[in-house]
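Contents: one structure, followed by commentary.
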2 protein chains.
Amino acid sequence: MITIKDVAKLAGVSASTVSRAISGNIPVEKETRDKVMQAVEELHYEPNALAKGLKEGKTNTIGLIIPNIGNHLFPPLVKGVEETARKSGYTVILCNTENNLEIEKTYLEKMQKRLVDGFIIATAREKSTHILDMEAEGVPVVLLIRHLGNAVDAVILDNYKGAYEAVSYLLARGRKKIAIINGEQELSLYRERFNGYQEALKKAGETVVPQLVLDDAFGEENGYAVMVGLLRSGQMPDAVFATTDLRAIGAIRAIKDFGYRVPEDIAVIGFDDFEFTKLLSPRLTTVSQPLYDMGKLAVEKLITIMDNKNKVTPIIDVMEPTLVLRDST
Amino acid sequence: MITIKDVAKLAGVSASTVSRAISGNIPVEKETRDKVMQAVEELHYEPNALAKGLKEGKTNTIGLIIPNIGNHLFPPLVKGVEETARKSGYTVILCNTENNLEIEKTYLEKMQKRLVDGFIIATAREKSTHILDMEAEGVPVVLLIRHLGNAVDAVILDNYKGAYEAVSYLLARGRKKIAIINGEQELSLYRERFNGYQEALKKAGETVVPQLVLDDAFGEENGYAVMVGLLRSGQMPDAVFATTDLRAIGAIRAIKDFGYRVPEDIAVIGFDDFEFTKLLSPRLTTVSQPLYDMGKLAVEKLITIMDNKNKVTPIIDVMEPTLVLRDST
DNA sequence: ATGAAAGCGCTAACAT
DNA sequence: ATGTTAGCGCTTTCAT
């Protein structure tokens, strides 16, 4: 392994001079700098990041904690985080927790305050007291997608608004019997989406029909099974608001299997705007989350927090969803 | 920041004793070990990974280089790498290169020399001489998905076989005019798939019709546009072998837009088995890659290489594809 | 402008 | 079994 000493010896200067020449912001005679740079080239010298980090107390690395890389939500998010981080000189360590709290804690402990300068966490749940502890200990943290009240900085979506607008659109197009395929009510984002659904109906003078509220919290088949159940029951909806694109796709398959048409017989709106949904037939109408931008903003916030030693009160940034009209409505 | 010295002081022992007590494999009086552990608990001590890495010349971290996290191929792959790595005590640093060689080189340089113990690279192209250089310098590397001849260890798919079996299946079901939606011929994996297509036709006594070979290397619409072109041309195929699931989905939309039915009028087979394709209507018949297992094997190979100081000749592991029969054929 | 020396936190000889 | 010391590679005073 080539060290700074090897370069120093070849260039005929001291190690500290090499360090200064490389850093660039400390005055060094042009001639010596040239000698150093030539030696660096010749030896293919790369500074040891560990030694640098140990000395400086900073690694220019951020940890990104996500529950499940297989979830289509995350690629654009990761991309936003990753690109933004890179542009600011940071490297991203990605940690996939499998929705497992133990794995998450192990990662967090391992990486805390040493390997990593700060965290972006997309796995927060209401019971995530360990994240509160980190915040209290002064570890820079930004939450993504899910938040912890106002206790920790976060970037989230206005889920209520997304749902409200989607359902209002269906109503405005004359649909009356609108079913919802609901998600885990433990997560506030699904509660918010459910609220948006209810409020939009009320606003239009419609009532919430319990039979049209489909619980798909633990469905393996992403909406297919519950939609089949609804169609079998004889309750024929004229629209479906799915709280996830995957659930919308499952619902559409069920609808087609029953010989109905989308959107003529039943209109369907999804949520998330996964990239591939525009390739489907029919192309899916859905509520789009600005995932890339959310990842980007999270990094920007985190960098601000890491730079500012003096702590400021946490800010929750709420991003705007967009209803993307396509062919399923 | 709590260091080993703080623990030593509180426990009334030396720093080395603390180090030994924590490591576990060096004999320490039970009583002193208890004192140390108690101090560790009390102070919430976490060893500094940088100092440890600097001292030991090892970070238990591997770098995973992928071209584009937005590609649905990668989540299962990343998951396989990540889980396997974690079980062996390694952390994964994920790097997304945007298919940009400069970004890739920057990452590789930055991480080389001890931030990372080894690399898994899924971005290899024929011009990737920098990877050959790394191999020559003794940096542990395993290639994934794409390989570089026999020069570097790799885990890849038998792309020829996957295509051959898919097309043979269509032939066996009586389809005669089978179109292919082809990918970038610069990548050997698409050349292999094309070869498989051609050989299957020849074997069955059919000829390769140039008009049925659709080039979608740079198509933005993933098969839609070229499929529309084919249907307009009057050349009516009775089946389509798409070299990618995304291309299959685009093709299906085009077919439906022309009022034809899948699979009755035109059967469609994809390639990759993206997880969501089983939710589609029709559920997609496709060639499945064991992505999770490929990621897993890549890590296992890499760990073997990192442990074995004495270099062995590279081995290319070729994994078996599986034809998954669903409703689009 | 440059060199010498100290030290970041840790582990591993080397003593005892 | 435990303490002392050296040193991993780097940056940063402190001299000069």
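Every chain is numbered from 1, with letters handed out A, B, ... down the list of sequences. Since this is a predicted model, take the numbers as computed values, not measurements.
Relative to the axis of its first five pairs, the axis of the last five pairs of the helix from C/dA1-D/dT16 to C/dT16-D/dA1 sits at 50°, rounded to 10 degrees.
Residues A/Ile2 and A/His44 are not in side-chain contact: their nearest non-hydrogen atoms beyond the backbone lie 4.5 Å or more apart.
Spacing between atom CD of A/Glu29 and atom C1' of C/dT2 amounts to 10 Å, rounded to whole angstrom units. Rounded to whole Å, the distance from CE on B/Met1 to C1' on C/dC8 is 10 Å. Distance A/Leu54 CG to D/dT12 P: 13 Å, rounded to the nearest Å. In this structure, the CD atom of A/Glu46 is 15 Å from the P atom of D/dG9, given to the nearest Å. Rounded to whole Å, atom C1' of C/dA12 lies 8 Å from atom CD1 of B/Ile26. The distance from atom NZ of A/Lys52 to atom C1' of C/dG9 is 18 Å, rounded to the nearest whole Å. Protein atom CD of A/Glu56 is 17 Å distant from nucleotide atom P of D/dG9, rounded to whole Å. Distance, A/Lys55 NZ to C/dC10 P: 15 Å, rounded to whole Å.
The minimum heavy-atom distance between A/Pro67 and A/Ala122, with the atom names listed, is CD-O, 3.6 Å.
A side-chain donor-acceptor contact under 3.5 Å links A/Glu104 and A/His130. Between the side chains of B/Ser19 and B/Ser16, no donor N or O sits under 3.5 Å from an acceptor N or O.
When the nucleotides D/dT2, D/dG9, C/dT2 are ranked by their closest atom to the side chain of A/Val28, C/dT2 comes out on top.
The 12-atom threshold is exceeded at CD of A/Glu56, counting heavy atoms of other residues, nucleotides or ligands nearer than 6.0 Å. More than 12 heavy atoms of other residues, nucleotides or ligands lie within 6.0 Å of NZ in B/Lys79, so this atom counts as buried by the packing criterion. No more than 12 heavy atoms of other residues, nucleotides or ligands lie within 6.0 Å of CG in B/Asn150, so this atom counts as exposed by the packing criterion. With a 6.0 Å radius and a threshold of 12 heavy atoms from other residues, nucleotides or ligands, A/Asp133 has its CG atom above the threshold.
A donor-acceptor pair under 3.5 Å is absent between the side-chain atoms of A/Asp272 and the main chain of A/Phe274, judged by distance alone.
Within the nucleic acid shown, B/Ser23 has no heavy atom closer than 4.0 Å to any nucleic acid atom.
Sorted by residue number, the members of residues 11-19 of chain A with any non-hydrogen atom under 4.0 Å from DNA chain C read A/Val13, A/Ser14, A/Ser16, A/Thr17.
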